[in-house]
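Encoded as structure tokens, the structure appears first; notes follow it.
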There are 2 protein chains.
Amino acid sequence: MESRKIYNRIAILRKEKSLTRNELADKVGVNFQTIGYLEREEYNPSLDLAFRISEVFELPVDLIFSTEPLTPLSQLLTKK
Amino acid sequence: MESRKIYNRIAILRKEKSLTRNELADKVGVNFQTIGYLEREEYNPSLDLAFRISEVFELPVDLIFSTEPLTPLSQLLTKK
DNA sequence: AATAAATATTGTAAATACACAACATTTAAT
DNA sequence: ATTAAATGTTGTGTATTTACAATATTTATT
């Protein structure tokens with residue numbers, strides 16, 4: 001199908017919680033190197049993995065992942 | 001990682017719009033048989049495909065897909 | 001500056017997603 | 001009841017996701 005690249009906020013969200021990739025990987029249930037691949041956006045997560053990450057961060061999938069390059073989360077909070 | 005099964009509302013949403021699988025497949029940009037696989041939940045879509053479907057239906061990913069078996073959408077609209 | 005911890009890179013292998021084809025079955029329309 | 005359209009089933013092939021290992025590089029800590 002020629003899959004589009006999906007952008008994500010994993011690295012920022014992980015740092016907000018002061019987690020290492022290893023720690024996040026444990027919570028999510030994947031290899032720590034998989035977190036690396038995702039943060040570098042070298043490949044897209046499966047839908048299940050996206051959901052696992054969304055559960056760990058307690059945020060909807062659409063807030064963490066996007067088909068468009070991501071602006072900093074803080075920017076989303078400003079009035080306009 | 002042992003991927004969990006993801007449930008979805010594709011069939012209902014498609015029927016609400018009176019689309020055939022072929023028509024939905026065209027909009028989404030996949031083979032019509034892929035829509036079949038997804039509706040039967042025989043495999044999970046990639047994250048990109050989930051986003052494409054979410055774009056076609058103009059609904060967030062989390063409303064269409066879930067790690068839990070899905071209740072009818074109508075039920076979501078009732079007070080309680 | 002030396003060390004340790006974290007992250008990046010490269011490579012191999014397995015599982016899953018997706019395309020596509022051919023045929024069977026079900027559903028809808030006349 | 002026929003026919004046509006839609007959906008299901010089975011199978012093969014390719015691409016992508018993930019695991020894991022080994023080593024290199026970067027960043028933090030002392």
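To find a chain, count down the sequence lines: A is the first, B the second, and so on, and within it residues start at 1.
Atom-to-atom, CG of B:Asp26 to P of C:dC20 comes out at 12 Å; the value is rounded to the nearest Å. Following rounding to the nearest Å, A:Asn22 (CG) and C:dA4 (P) show an atom-to-atom distance of 18 Å. Atom P of nucleotide D:dT18 and atom CD1 of A:Ile10 are separated by 10 Å, given to the nearest angstrom. Rounded to whole Å, the distance from CG on B:Asp48 to P on C:dC18 is 9 Å. The distance between atom CD1 of A:Ile35 and atom P of C:dT7, rounded to the nearest whole Å, is 11 Å. Look at CD on A:Glu39: it is 18 Å from P on D:dT26, rounded to the nearest Å.
Residue B:Leu38 has its side chain nearest to C:dC18 when only C:dA6, C:dC18, D:dC20 are considered.
Between D:dT16 and A:Arg4, no contact under 4.0 Å exists linking OP1 or OP2 to a side-chain N or O. Contact check, B:Asn31 against C:dC20: a side-chain N or O comes under 4.0 Å of OP1 or OP2.
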Original post:
Given A:Phe57 and A:Glu16, is the side chain to side chain contact (heavy atoms under 4.5 Å, CB included) satisfied, shown in steps?
Top reply: CA-CA 10 Å; A:Phe57 289 126; A:Glu16 273 182 11; over 6 Å; no
Original post:
Step by step, would you call B:Ile10 with B:Leu24 a side chain to side chain contact (heavy atoms under 4.5 Å, CB included)?
Top reply: CA-CA 10 Å; B:Ile10 298 173; B:Leu24 177 57; 3.8 Å; yes
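Residues meeting the side chain to side chain contact (heavy atoms under 4.5 Å, CB included) test with B:Thr67, sequence neighbours left out: A:Phe51, A:Glu55, B:Arg4, B:Ile6. For A:Tyr43, the ring pair (Phe, Tyr, Trp, His ring centres under 6.0 Å) criterion is met by A:Tyr37, not counting sequence neighbours.
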Original post:
Taking protein heavy atoms under 4.0 Å as touching, what does nucleotides 9-17 of chain C look like 5' to 3' if B marks base contact, S marks sugar-phosphate-only contact and - marks none?
Top reply: BBB-----S
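Between the side chain of B:Asp62 and the backbone N or O of A:Val61 there is at least one donor-acceptor pair closer than 3.5 Å.
Using a cutoff of 4.0 Å between basic side-chain nitrogens and carboxylate oxygens, B:Glu39 and B:Arg14 are scored as salt-bridged.
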